[in-house]
Each structure stands twice: as structure tokens, then as C-alpha cells.
Amino acid sequence: SPGMVYLYMRSKLDGLMIKVPVCVPKQYDPDLPCPLVIHHEILNYGANCASVKASGCLAVNMTGRGITFGGYVGEACFFEILSELMRIYRIDASRIYGIGHCSAAAAVLMLAHNHPDLYAGVLLSECMDTPSDLQNTGDMTIITLYSDRSLARGKAKAAAEALSRSPAS
């Protein structure tokens, strides 16, 4: 049903019950593949996916359950939840998008780097990215947001400059 729903699942990793907020758009049709927007969180802060409600995308808040993505357990948590979502909803695997802020943005970037076919694009806010984090993302759309006072902005600018100097693959 459309609106905010909660997926409850027992993790095969550790037996804990996981609560995953999912925002289902009004126009969701289980017979048609739907894009998915994943809002990554390090901890479970709550449902922030209402901002994409009008977009026609399924949206989910996904946590590494306190474990930073980029590590084996964080990735295992992510893929366990994603697998369950794909079992329940008709998700277009070519239109999965990741969003993260600060350390969760770094987690999104590491997932994109380690699994370059996972996302169609990512939106990173205040991410402390480095050139090595960006080199395996191919032609993926990566949008980064920084404030004028951001400590991450200088590091991101250096990363972009380094990438512009690296030979094309």
C-alpha cells in the first residue's frame, strides 16, 4: 500500500529483528519495475525518505546497524536488506540510487567503489572522498554537496583535481 510502511525482518547474520522504513509512492504498480532510492544511515535515525515521495520512486532508509559500510559486516547488512526488498517489491535494478551524508556518504561511496554496477547514481553530502575512492565508479553519476564552511570541501576539490589529471581508462 502507498505511504510509509515498515519492513520487519529477522537478520540471518545475527538473529536480530530489523525494522526498515519504506516509502511506497502512490503510483507504485507491482507489475512494473520501480526505481529505488536508498538513504543510507550509520545508525537508525528514522524515516527521512518522505522527500522522494512525489518522485515515483520507492525509497528506503537503510542502516549498517551501527557498523560503517565498507566493512564486511556493514556490506552484509546492506545486501541482506536489499535482497529482501527486491523479493518483496518489483525494483528496477538498473535504477537504484544511493544517498548519504557525512560518514554515511563515505559508506555510499565505498559501496559504489566496491560494487560499481550497484547504483545508477549517488548523491553525497559532506563526503570526505578521496581519489582512490572514486576511480572504480565508471560512468556513474556522482553528485556531491558541500557548504561553504565544510571541512570536506577542500579534500573533495583535491580529489576532483587528481582525477582530472589521471589517464582515462
Side-chain angles (χ1 to χ4, degrees), residues 1-127 129 133-134 136-145:
S1 64
M4 185 63 66
V5 297
Y6 292 91
L7 165 65
Y8 291 90
M9 59 181 276
R10 185 159 308 277
S11 174
K12 293 176 183 165
L13 299 171
D14 57 12
L16 292 178
M17 185 61 73
I18 302 171
K19 177 182 174 183
V20 181
V22 181
C23 188
V24 180
K26 288 180 191 173
Q27 59 271 50
Y28 177 72
D29 180 344
D31 295 325
L32 298 174
C34 187
L36 173 66
V37 174
I38 301 171
H39 182 266
H40 292 265
E41 299 176 334
I42 298 303
L43 298 172
N44 193 2
Y45 293 115
N48 296 320
C49 57
S51 60
V52 296
K53 189 167 45 175
S55 70
C57 297
L58 280 165
V60 60
N61 280 37
M62 196 179 295
T63 174
R65 297 169 51 207
I67 302 161
T68 308
F69 290 104
Y72 297 116
V73 177
E75 282 193 17
C77 293
F78 171 83
F79 284 110
E80 180 179 41
I81 296 169
L82 181 60
S83 176
E84 185 67 6
L85 289 167
M86 294 187 90
R87 186 186 69 76
I88 295 170
Y89 297 102
R90 182 120 188 249
I91 295 171
D92 182 347
S94 69
R95 295 189 296 161
I96 297 176
Y97 302 91
I99 299 173
H101 174 76
C102 199
S103 56
V108 171
L109 190 57
M110 289 310 300
L111 275 168
H113 174 77
N114 293 336
H115 306 277
D117 296 329
L118 175 62
Y119 297 115
V122 296
L123 175 64
L124 310 171
S125 170
E126 302 291 329
C127 183
D129 48 14
D133 296 334
L134 298 173
N136 194 37
T137 52
D139 59 357
M140 179 187 313
T141 300
I142 300 174
I143 300 171
T144 55
L145 305 174

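Computed from a predicted structure; not experimentally measured.
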If you apply the rule side chain to side chain contact (heavy atoms under 4.5 Å, CB included), what do you find for Cys34 with Ile91, and how did you get there? CA-CA 5 Å; Cys34 187; Ile91 295 171; 5.8 Å; no
Side chain to side chain contact (heavy atoms under 4.5 Å, CB included), that's the test. Do Leu111 and Phe79 meet it? Break it down for me. CA-CA 10 Å; Leu111 275 168; Phe79 284 110; 4.1 Å; yes
Run Val37 and Val60 through side chain to side chain contact (heavy atoms under 4.5 Å, CB included) and show every step you take. CA-CA 6 Å; Val37 174; Val60 60; over 6 Å; no
Side chain to side chain contact (heavy atoms under 4.5 Å, CB included) assessment of Leu82 paired with Ile38: CA-CA 9 Å; Leu82 181 60; Ile38 301 171; 4.3 Å; yes
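Contact between Tyr119 and Gly98 at its shortest, heavy atoms only, is CD2-N, 3.5 Å. The two residues Glu80 and Lys12 make their nearest non-hydrogen contact at OE2-N, 2.5 Å. Shown here for Ala120 and Ser94, the closest heavy-atom pair between the two residues is CB-O, 3.4 Å. Minimum heavy-atom separation, Val24 to Tyr89: CG2-OH, 3.8 Å. Taking all atoms of both residues into account, the shortest heavy-atom contact from Ala93 to Met86 is CB-CE, 3.9 Å. Here the closest non-hydrogen pair linking Pro21 and Met4 is CB-SD, 4.0 Å.
The main-chain N or O of Arg90 is found under 3.5 Å from a side-chain atom of Tyr28 such that the two form a donor-acceptor pair.
A cation-pi arrangement is present between Lys19 and Tyr6, with the terminal nitrogen or guanidinium carbon under 6.0 Å from the aromatic centre and inside a 45° cone about the axis.
Ring geometry, His40 versus Phe78: the interplanar angle falls under 30°, so the pair is classed parallel (tilted spans 30 to 60°).
Rounding to the nearest 0.5 Å places CE of Met62 at 5.5 Å from CD1 of Ile81.
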